[in-house]
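Reading through the structure tokens given below for one structure.
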Amino acid sequence: MTTVTPPQSIEQLLERAEKLAGKSLAQLAEEFRAQLPDHLLLEKGWIGQFIEHLLGATSGSLPQPDFPELGVELKTIPINPLGKPLESTFVSVVNLHQPASEQWETSIVKKKLEHVLWMPIIVHPNSPLNQRIIGMPLLWRPSADEWQILKNDWEETMEKVCLGKFGQLNARFGQALQVRPKAANSKVLTDVVGSDGEITQTLPRGFYLRSSFTQKVLTQLSYS
DNA sequence: GCATGATCATGC
DNA sequence: GCATGATCATGC
């Protein structure tokens with residue numbers, strides 16, 4: 001695949017992102033000499049990693065924003081032609097091991113969501129992967145109201161973790177930030193401290209943004 | 001039909 | 001095993 005140097009500024013990053021808008025994955029794969037898979041069944045993260053590459057991201061699998069020098073996190077988000085998100089958005093894993101040492105202000109979730117470059121991927125129903133089109137990017141910072149919601153959800157989650165209430169750690173709470181399993185499969189277990197201080201095991205979890213939340217975020221496209 | 005829970009690839 | 005990148009697919 002053609003190599004891309006890291007962007008030197010947020011302006012340059014946004015400029016690159018805007019140049020991708022309107023192009024199909026087939027066009028981009030040809031232009032950058034990439035092997036586009038037939039489907040995402042075996043490579044669910046392929047598009048995200050492809051776009052990272054096209055924009056010159058370097059973070060790898062470190063728990064930090066994709067462009068650490070710029071403080072910008074890249075998120076691809078599949079949308080239908082009307083702009084409705086088709087999936088939730090994974091943010092980061094939940095720290096189940098040292099929850100008491102975590103604070104919202106220094107959390108990975110806050111660091112990543114401080115500045116997000118949203119890259120919508122337009123998906124037409126029943127169309128092949130190579131016909132998906134890159135939408136107009138949106139550089140987003142949460143509003144004060146959005147921060148408040150995210151902070152509340154995060155703190156409620158971490159409180160459950162601190163109390164060892166892993167049974168309550170499901171996808172049904174959280175206004176914007178949701179907790180769901182994040183593992184290879186449902187048999188994966190990790191050591192945690194239970195509600196009586198005992199060592200027990202539970203399924204690894206991740207923080208995800210609900211699609212209802214990202215839908216509101218993406219509507220800012222029309223007004224910015 | 002959609003949200004919740006399950007799952008896939010990769011690097012170290 | 002855990003972090004990154006996420007979407008799949010079943011149950012309600």
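Reminder, nothing fancy here: chain letters follow the sequence lines and each chain counts from 1.
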Heavy atoms under 4.0 Å, any strand shown: does [X] hit a base, just sugar-phosphate, or nothing?
{"X": "P181(A)", "value": "base"}
{"X": "K187(A)", "value": "nothing"}
{"X": "P204(A)", "value": "nothing"}
{"X": "L86(A)", "value": "nothing"}
{"X": "S88(A)", "value": "base"}
{"X": "H97(A)", "value": "sugar-phosphate"}

Between Q148(A) and N152(A), do the side chains contain an N or O donor and an N or O acceptor separated by less than 3.5 Å?
yes
With sequence neighbours excluded, give me every ring-ring contact (aromatic ring centres under 6.0 Å, His included) pair touching residues 67-102 of chain A.
F90(A)-Y208(A)
Side chain of A171(A) only, please: which of dT7(C), dC2(B), dT4(B) is the nearest?
dT4(B)
When you measure from the side chain of R210(A), which nucleotide among dA3(B), dG5(C), dA6(B) comes out closest?
dA3(B)
Test: K160(A) cationic atom under 6.0 Å from F173(A) six-membered ring centre, within 45° of axis:
yes
Examine the base of dA3(B) for any acceptor or donor lying under 3.5 Å from a partner atom in the side chain of Y208(A), and report the outcome as yes or no.
no
When you check the phosphate oxygens OP1 and OP2 of dA3(B), does a side-chain N or O of R180(A) lie under 4.0 Å from one of them?
no
Side-chain N,O (K75(A)) to OP1/OP2 (dT4(C)) below 4.0 Å:
no
What are the atom names and distances for every N/O pair under 3.5 Å that joins the protein to nucleotides 8-12 of chain B?
{"unit_1": "dA9(B)", "atom_1": "O5'", "unit_2": "L42(A)", "atom_2": "O", "d": "3.3"}
{"unit_1": "dA9(B)", "atom_1": "O4'", "unit_2": "L42(A)", "atom_2": "O", "d": "3.1"}

Report the residue (K84(A) or V179(A)) whose heavy-atom-nearest nucleotide on DNA chain B is the more 5′ of the two.
K84(A)
With nearest nucleotides of DNA chain C determined for I108(A) and E87(A) from heavy-atom distances, which residue corresponds to the more 5′ nucleotide?
I108(A)
